[in-house]
Structures are given as structure tokens and as C-alpha cells.
Amino acid sequence: QVRLVESGGGLVQPGGSLRLSCVASGSIFSINAMGWYRQAPGKQRELVCRLTSGGNTNYADAVKGRFTISRDNAKNTVYLQMNSLKLEDTAVYYCNLERWVGERVGYWGQGTQVTVSS
């Protein structure tokens, strides 16, 4: 009932920038939060940042000051602006949506590859 589609990934040099987009469709209501996670090969998926419906944000220490999460409610879209990219930022980035419909339910996008390479 909820579909998340990420886009904007690609190949970028160290120090460069990318902006990821996540468009949500379907039963988009009772949203508690949206966020971005990433997973590198051989590693667990980790939280990058999170934005609640109340406007509160949380960032992983590794990306503070470099990444910014934002949303455009009219377009049902959440963004991740990534600046000053480092090699260690290379991962598949996933969009996540949380709903509270009597219980907490989460949804995931298919992921978009971000590769930082010199």
C-alpha cells in the first residue's frame, strides 16, 4: 500500500555532492517519520538520518555537518543532500517510512547506489 522510490544515486568524486530523492505513493497517511539508511557490502544497514512528522531531525555522527534531510509535503518527497562526500560514504542508500496505524509499521524503498571514488 506504500511505495517508496529512490533516485539520484551515482558515481561522484571525493568532496563532491549528490542529492537523493524519495517519492512516496499509496496509503501515505499517519506518517510518523521518514529517514535514510545505508548499507555497504558486508556491513549492517545503518541509520543516516531521520525526520519526524513534527520536524525533528537526527543525524548519524559520521554525516553531521555534511548531509541534510528535508521534505516537500506537496510532492510527497523527502530529500537527502550529501556534500563533501567521502569514500566511506559508498553504500546503497534506502528510504524508510514509518507509519502509526494502531501499530508501528515500516516501509522500504529499493535503494539507490552511491559510489564515491577517486
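All values below come from the heavy atoms of this structure, side chains included, with hydrogens, waters and symmetry mates left out. In this chain, residues are counted from 1 in sequence order.
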Heavy-atom donor-acceptor pair, [X] side chain to [Y] backbone, under 3.5 Å:
| X | Y | answer |
| --- | --- | --- |
| Arg99 | Phe29 | yes |
| Ser27 | Val2 | no |
| Glu6 | Thr112 | no |

Out of curiosity, [X] [atom1] to [Y] [atom2], how far, rounded to the nearest 0.5 Å?
| X | Y | atom1 | atom2 | value |
| --- | --- | --- | --- | --- |
| Asn76 | Arg3 | CG | CZ | 14.0 Å |
| Arg66 | Met82 | CZ | CE | 9.5 Å |
| Gln113 | Thr90 | CD | OG1 | 7.5 Å |
| Thr115 | Leu85 | OG1 | CG | 11.0 Å |
| Gln39 | Gln44 | CD | CD | 8.5 Å |
| Ile31 | Arg71 | CD1 | CZ | 9.0 Å |

Write down the atom of [X], the atom of [Y], and the distance for their closest heavy-atom approach.
| X | Y | result |
| --- | --- | --- |
| Ser117 | Pro14 | O-CD, 3.3 Å |
| Ala33 | Thr52 | CB-CA, 3.8 Å |
| Ala91 | Ala40 | CB-N, 3.9 Å |
| Leu20 | Gly9 | CD2-N, 3.5 Å |

If Ile, Leu, Val, Met, Phe, Trp and Tyr residues are connected whenever their side-chain heavy atoms lie under 4.5 Å apart, and connections chain through other members, are [X] and [Y] in the same group?
| X | Y | result |
| --- | --- | --- |
| Leu47 | Met34 | no |
| Ile28 | Ile69 | yes |
| Val5 | Leu51 | no |
| Val63 | Leu87 | yes |
| Val101 | Leu97 | yes |

- Is any side-chain N of the basic residue among Lys64 and Asp61 closer than 4.0 Å to the acidic one's carboxylate O? yes
- Note on the structure: For residues 30-49, the ring-ring contact (aromatic ring centres under 6.0 Å, His included) pairs (sequence neighbours left out) are Tyr37-Trp108
- Regarding Asn83 and Ser17, is there a side-chain donor-to-acceptor distance under 3.5 Å anywhere? yes
- Of all residues at least two apart in sequence or in a different chain, which pass the side-chain contact (heavy atoms from CB on, under 4.5 Å) check with Ser70? Tyr79
- Query: Under the side chain to side chain contact (heavy atoms under 4.5 Å, CB included) criterion, do Val114 and Asp89 qualify, and how do the steps go?
  - Reply: CA-CA 8 Å; Val114 173; Asp89 294 319; 5.5 Å; no
- Message: Could you walk me through whether Cys49 and Leu80 satisfy the side chain to side chain contact (heavy atoms under 4.5 Å, CB included) test, starting with their C-alpha distance in whole Å, then the side-chain angles of each, then the deciding distance to 0.1 Å, before giving a yes or no?
- Response: CA-CA 9 Å; Cys49 55; Leu80 180 64; 3.5 Å; yes
- Note on the structure: Hits for side-chain hydrogen bond (donor to acceptor under 3.5 Å, both in side chains) against Tyr94, two or more places apart or cross-chain, chain-then-number order -> none
- Validation row: Gln1, Val105 side chains within 4.5 angstrom (heavy atoms): no
